[in-house]
Each structure stands twice: as C-alpha cells, then as structure tokens.
**Q** 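Before I ask anything, here is the structure I am working with.
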Amino acid sequence: MLLGVIADDMTGATDVALMLNRAGMRTVQVIGAPSTGTSSAGASLPDADAVVVALKSRTNPVAEAVADSLAACEALLAAGAKQILFKYCSTFDSTAEGNIGPVADALMRRLGAEMAIICPAFPANGRSIYQGYLFVGAVPLHESSMKDHPLTPMRDSNLMRLMGAQTKAPVGHVGYATVLAGAEAVKARFAALAGEGARYVVTDALTNDDLMVLGEAVAGHVLLTGGSGIAMGLPQNFREAGLLRQRAAPVSLSAPKGRAGIISGSCSTATRGQIKVAVAAGFPALKVDPLALAAGTQTAAQLAAWALAQPQDKPFLLYSSDDPAEVAAIQDKLGRDKAGETVEHAFAETARLLAAGGVSKLLVAGGETSGAVVQGLGIGTLEIGPEIDPGVPWTRVVAGPDLVIALKSGNFGTPDFFLKAWALLD
C-alpha cells in the first residue's frame, strides 16, 4: 500500500476512491475501521495501491470520531501506507462541536506531522477556494443550500475561521497567486508559515491544475486533509518515485442479474432535482414519511414489498427527500436526531429486504443514507468501478451480498443522474 485514506462518510469514501482509481491507483474501499490483528498487522486490509477506510464519523460524537479515525490510521500504517489523507466533504461540514479539527489534531499527533493542508476544493463539482473562502458554484458556502443542511448547516465560508473554531493550532493561508506560481512557490510559503508557527494551512484552488500543483507540493507531507480533489495529484508523486505503474481506469462494470432500484434520503437541492427528473421519466416512486415510520404505520417491510411489486422495466425509487421547510417541520415533531435515525434505520432494513428479494443493482443518494444502507447490507469491501458523474462511481461488493452499488453524495450529480447511471453496467 502507498496511500491510506480515512474518509468521514460513505459517499466521501467512494468519491476519493474514484479520484485515485482514475489517476491510476488500484483502490479498494473498506467499511469501518479494520483491525490490525495480533500477529499479522494489517492482514485484514486488501492488497491495493490505495485503501480508503469509510467511517461514519462526520456526525458522530467527537470522541467516537477520533477513536475510529485513529484505529483506521493504525491499520493503514501497519499495512505500509506511506502517506495518510483525512478526507472530509468538499463543503467542510461537520457537527457544531467540530469533528474535523479534533480528528485532524489526533492524526497530526499520531503521525508526528508538523503541518497539514486544508483543501476541500473540488472544481468539477463547483467547490473552489479563494482568499481562504469556500465557494459552492458562484456563491460562498454560507449562501448555498448547505446553510439549510438538516444535520450540518454551514453558516460561514471562511475556512480559517471554521478550522480555527475546531482546533487550538494556528491556521495559515496559501493565496491563489502563490498557487499560480507553482509547487516550489507553495513549498516556500509552507516553510514561511511553519516559521510563523502555523500547523494547518488553507490552500486556495480554483481549477484541477491548481490541485495538481498542490499535490506536487505536498509530496513530502505525511498527513493531508481535504476533499477528494486534493487526491488528484497524489498518484503522480508515487509514480515519479518509481513506486507506481500507470493503469487504466474501468469504463464499465459487470453487474449480477437482478432488479434495479434507488434509495434516496438526501434533501439536497441536487438530489431533489434528480428525483423530479426520474419521476417525470416514469420511474415508479414512493415517498417515505418519517412521521409514519416513527408511528409504525409505515414499515421497512411495506417499503420493500412495494418496491418488489413494481414493473422491472425501470428502476424503482424510494425517497424521503424533502425541501428544507418540510424537513424542519418533521424535526420539530420528532427531534433532529430521531428524525434522521428513523429514516436511516428504515432504509437499512429496507435495503436488506430488497437484496434478499433479488435487487442486485442499487443506487443510494445521501451520505448518512449510504452509511445506513451499507451497514444494513453487511458490506465489508467495495471495488471501485466506472465514474457516473464527478465524485460518484459504481462499485462492486467484494465482501458482502452479490450486488453493485453506487453511493452518491446528496449534492453531486447532474439532473439526469438517476436516468443515465444504468448505462455503465454490463
């Protein structure tokens, strides 16, 4: 293993795994922090150039998020990882207590890192950083739909302030002019900031070329933090060191025979638009009611029975996605945590029943929903397949039920995502 990645949610893990796979690293995703064992350290990890450990640590209690991340780090190091990437969302969202800062602090101490970059930029999906401010498309983060996220609302766009609220370590900044000047200029800026006492450094990035420059500049860093975009330039570092050969990324994926379906728990603007397009295209669709789930008048068994009774010429669609006002009203009645947990538990059990009923091709929208579904299905390892849209690949289950699954971040994908994804399956 060359690169070890610790991802704070399921869709983010497949996102960064896709980035590395496309850049020529054979990448495998494992679910949950693996054990290093007692006699053969790292034996529980698959053989690959890069291994991505998918955690559910974005919204977990801080102590739990730190413990899981450190456990993942130990397993990756034991298997030979030469560099660790802590991957979080390209919108830098976390709990009010702040899981990004505490996890990064713990990893920095464990690895003895003197400095780590902060770079959630992902230009292909409209995430860019300028003057230390994070933008989503043409608007600052706090003006985007993330301001109304039901679990991790973002009300500031300044990454130095956001990270500064989560750590006691000084946070510096590499401006865009420095990035444009190239990797050596960025390295010089790192050195200057280190001399000033900075431990974390927010790096501006507007394009993929910027991410390649930053990737080159951090070749000697033992710890990186950021979105999947920062992974773009890392394989080339290993290639230039003679540790990695070029390989082609997959363009299709063989899927087992069976039914196809979609489960969506994301309430993002992008996913709601994708649902609208799918419904207009004639996909049989059923809206899941969190209040009915909580009352027991709607159950996972009923949802699965409905899905399996639909015609097989189009994928079925089960969704709890709703607009911010409706989500807020449900949270007022059930409580924020219970509202989310109710839907997640129902979808986890529904996915298990669907797989047992012959569903072998499943597309899941939403980070928390994806985590719940993967746990419900008992998936242990995923092999990364072809890209559907930036940040979203099909994957083949290696350890778990015989199926292919796509785990989509709520904000990712074009409006026709639910329609076009199936064409990449053989």
Side-chain angles (χ1 to χ4, degrees), residues 7 9-22 26-32 46 48 51-52 54 228 248-266 271 274 278 283-284 304 307-308 310 312-319 347-348 350-367 369-410 412-414 416-426:
D9 82 339
M10 208 64 60
T11 56
T14 53
D15 175 8
V16 70
L18 170 64
M19 189 69 69
L20 294 168
N21 214 44
R22 283 175 49 196
R26 181 173 177 271
T27 307
V28 176
Q29 177 178 336
V30 298
I31 313 304
V51 172
V52 181
S228 62
V251 295
S252 64
L253 186 64
S254 177
K257 292 183 179 180
R259 300 179 60 109
I262 303 165
I263 293 176
S264 175
S266 170
T271 297
Q274 291 156 0
F283 283 29
L308 295 173
Q310 301 310 304
Q312 299 188 39
D313 58 329
K314 288 186 173 70
F316 61 79
L317 169 61
L318 291 166
Y319 69 100
F347 278 152
T350 300
R352 189 187 66 77
L353 294 171
L354 291 174
V359 173
S360 63
K361 297 174 277 288
L362 192 61
L363 198 161
V364 187
T369 306
S370 293
V373 166
V374 165
Q375 289 180 354
L377 290 171
I379 294 173
T381 308
L382 295 169
E383 184 173 353
I384 307 304
E387 179 181 54
I388 304 169
D389 266 338
V392 193
W394 278 110
T395 69
R396 180 73 188 240
V397 176
V398 177
D402 187 21
L403 55 80
V404 295
I405 187 168
L407 307 173
K408 186 190 86 72
S409 174
F412 285 6
T414 56
D416 62 345
F417 182 89
F418 289 161
L419 276 60
K420 68 183 182 182
W422 316 99
L424 296 174
L425 300 178
D426 295 335

**Q** Check whether any side-chain heavy atom of Q274 sits under 4.5 Å from a side-chain heavy atom of D416, and report yes or no.
**A** no

**Q** Is T271 reaching over with its side chain to a backbone N or O of G410, donor-acceptor style, under 3.5 angstrom?
**A** yes

**Q** Anything under 3.5 Å between a donor and an acceptor, one on a side chain of residues 378-394, the other on a protein residue two or more places apart or in another chain? List them.
**A**
| unit_1 | atom_1 | unit_2 | atom_2 | d |
| --- | --- | --- | --- | --- |
| E387 | OE2 | R22 | NH1 | 3.0 |
| D389 | OD1 | K420 | NZ | 2.7 |
| D389 | OD2 | T414 | N | 2.9 |
| D389 | OD2 | T414 | OG1 | 3.0 |
| D389 | OD2 | K420 | NZ | 3.2 |
| W394 | NE1 | A421 | O | 2.8 |

**Q** Is any side-chain heavy atom of T350 closer than 4.5 Å to a side-chain heavy atom of L318?
**A** yes

**Q** Please tell me if the side chains of V398 and V28 come closer than 4.5 Å, counting only heavy atoms from C-beta onward.
**A** no

**Q** Work out which heavy atom in A351 is nearest to a heavy atom in L377; give both atom names and the distance.
**A** O-CD2, 3.3 Å

**Q** Do P315 and W422 have side-chain heavy atoms sitting under 4.5 Å apart?
**A** yes

**Q** Just so I know, are the side chains of S228 and L18 near enough to count as touching, which here means a heavy-atom distance under 4.5 Å?
**A**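 No, too far: nothing below the 4.5 Å cut-off.
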
**Q** For D402, is there an ion pair with R396 - N to carboxylate O distance below 4.0 angstrom?
**A**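 So R396 pairs with D402 through a salt bridge.
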
**Q** Are S360 and R259 side-chain neighbours, meaning at least one heavy-atom pair lies under 4.5 Å?
**A**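 No; the side chains remain at least 4.5 Å from each other.
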
**Q** Once you round to the nearest 0.5 Å, how far does CD of Q29 lie from OG1 of T14?
**A** 5.5 Å

**Q** Given 3.5 Å as the limit, does a donor-acceptor pair link the side chain of K361 with the main chain of L425, or not?
**A**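 Not a single qualifying donor-acceptor pair exists.
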
**Q** Enter the distance from L363:CG to L407:CG here, rounded to the nearest 0.5 Å.
**A** 8.5 Å

**Q** Please lay out, stage by stage, how I262 and F316 fare under the test side-chain contact (heavy atoms from CB on, under 4.5 Å).
**A** CA-CA 6 Å; I262 303 165; F316 61 79; 6.0 Å; no

**Q** Can you check side-chain contact (heavy atoms from CB on, under 4.5 Å) on L354 and L308, steps first, answer last?
**A** CA-CA 7 Å; L354 291 174; L308 295 173; 4.1 Å; yes

**Q** Taking all non-hydrogen atoms of both residues, which atom of P284 and which atom of K314 are closest, and how far apart?
**A**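 The pair with the smallest heavy-atom distance is CD-CB, 4.2 Å.
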
**Q** Would you compute the distance between atom OH of Y319 and atom OG of S266 and round it to the nearest 0.5 angstrom?
**A**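 Those atoms lie 13.5 Å apart.
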
**Q** Less than 4.5 Å apart, any side-chain heavy atom of T395 and any of V404?
**A**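 Result no, sub-4.5 Å side-chain heavy-atom pair not found.
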
**Q** Between I263 and L362, is any pair of side-chain heavy atoms under 4.5 Å apart?
**A** yes

**Q** Can you name the nearest heavy-atom pair linking A365 to F418, along with the distance?
**A** CB-CZ, 4.2 Å

**Q** Step by step, work out the side-chain hydrogen bond (donor to acceptor under 3.5 Å, both in side chains) result for S252 and D426.
**A** CA-CA 7 Å; S252 64; D426 295 335; 3.1 Å; yes

**Q** Should L353 and V359 be marked as a side-chain contact (heavy atoms from CB on, under 4.5 Å) after you check the CA-CA gap, both sets of side-chain angles, and the distance that decides it?
**A** CA-CA 9 Å; L353 294 171; V359 173; over 6 Å; no

**Q** State whether the side chain of K408 and the backbone N or O of T11 hold a donor-acceptor pair below 3.5 Å, judged by distance alone.
**A**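 No: the side chain of K408 does not pair with the backbone of T11.
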
**Q** Between I405 and V364, is the side-chain contact (heavy atoms from CB on, under 4.5 Å) condition met? List the steps.
**A** CA-CA 7 Å; I405 187 168; V364 187; 4.1 Å; yes

